[in-house]
Asks: 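Before anything else, here's the structure in question.
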Amino acid sequence: MKALCAIAIVSSAVLLGAQGPATSGSVSLFEGARLIVGDGSAPIENSAFLVENNRFTRVGRKGEIQAPAGAARVDLTGKTVIPALVDAHSHIGYMKNLTSGPQNYTRENILDHMYRFAYFGVAASQAMGSDFGDLPYQLRAEFQAGKYPDAARFLTAGRGLAPEDEVRPDNMRHSAYTIRSEDDIRKAVQELAARNVKIVKTWVDDRDGAVRKLTPSMYGAIINEAHKHNMRVAVHATNPADAKGLLRAGIDIFAHMISDVDDELVQLFKQHPSTSILLALGGPRRTIHAPWIDPPHPLVRETVSPEQIKRLRDRLAGTTPDVLERGRASWERLASGIRKLNAAGVRIGVGTDGGGQQGDQFVGWTMHTEMENMVAAGMSPAQVLVAATRTSAAILGLDELGMVAAGKSADFVVLDANPLDDITNSRRIASVYLRGKQVDRARLRARWTGGGWSKN
Ligand SMILES: [Zn+2]
């Protein structure tokens, strides 16, 4: 097995090396950082790790690992290193400054979002069912061929499967297959399978009575058909009764936190240990807690236009006491449910719903607020870091990401402070490395702040 892995690593390094600047036969030894490897173990103080081409090849303590002849040495004394983050639920290509919708879904805008993720230390993001046309598959192939070495990996679930009432021309479900029958389901899933999609997205939500949601027999058919093709199903569902039905039907991924968690739901999760949940807490949380918008956090100022910042700030400032009180109650319910699921050992990953159309869920930034929100709900910073790295990578089937470990892709973030002390230290980004190469964050920042926001 080890020998096979080594062969795979060598051949992929050679392939990537032939294609561009991601690799140039470079070897670097990074020394002195506190290293959080991503599996929840205690950090390695005064660490050393070797990056050869685009992979970690050795990880240990400073002094244990010698630099090979010709290797560059990078002194990270005083810094903390974490694996690059993974956002398992986003909507890529829709948001563009003050507008959001399918009209913005272009190659240029999708790539801009993938550079934003990279800027924030996110190595991969999964678009959850809002993609359409050939473009996402073309881009996926280009990413796999190594065409964008300093952008986050773009993962697509293709078009989602939605009941008729969900689909409107101006929302993200406009791209979905309209599902009226089991025939529609088979056809849609087979098309996605032919596109080599790994995760199928669906929605089970009556939207406060506005939508006739998929029945249990219909979502059961989606799950069965997907499993037949070796695909997994991610669902937007927040109602506990729906969640129970979905667990019984074999759902793989919940893309949102469930609004109420009782003992029966916890038991069902325990009976389905491979089922994962992503929480997407940004919307409910920011109504009651968003100190980063006023004044805007430097990372927000560097990546979001002044008018978009102002719009969100005004919106949040206009929250009425009534809405605030309801928001607090609903947050408390969510947090209590998260604590129960976490205590029961449920597999929790990080998915932000970034770029979604609820408005101003800033791409990349939401990863850092989401981690803060998860800690606010009662998870420890160490648990949240594992969720955001190893667990999210595993949920997406990204074997090469999620840890700083020999054989993994050298994707990591260098921080000026320790996120185990305070999870918001994840925002104190000194540098980001993707596939062994440092992301030129200054160049990206100049593109966003220097190019005229109105055009962006
Ligand atoms: Zn979503």
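Whatever order the structure lists them in is the order used to number ligands and atoms, beginning at 1. If you read the sequence from its start, that first residue is 1, and numbering goes on from there.
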Asks: For H91, what is the atom name of its N, O or S atom nearest to the Zn ion (ligand 1)?
Replies: NE2

Asks: Do any N/O/S atoms of H89 come under 2.8 Å of the Zn ion (ligand 1)?
Replies: yes

Asks: Would you please classify the geometry between the W448 ring and the Y119 ring as parallel, tilted or perpendicular, with 30° and 60° separating the classes?
Replies: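 Geometry flag for W448 against Y119: perpendicular rings.
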
Asks: Can a donor-acceptor pair be found, under 3.5 Å and without considering hydrogens, that links the side chain of R55 to the backbone of G407?
Replies: yes

Asks: In terms of the angle between their ring planes, are F143 and F154 parallel, tilted or perpendicular, with boundaries placed at 30° and 60°?
Replies: tilted

Asks: Only N/O/S atoms count here: what is the atom of D353 closest to the Zn ion (ligand 1) called?
Replies: OD1

Asks: Below 30° counts as parallel, above 60° as perpendicular, anything between as tilted: where do the rings of F132 and Y94 land?
Replies: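 Correct class here is perpendicular.
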
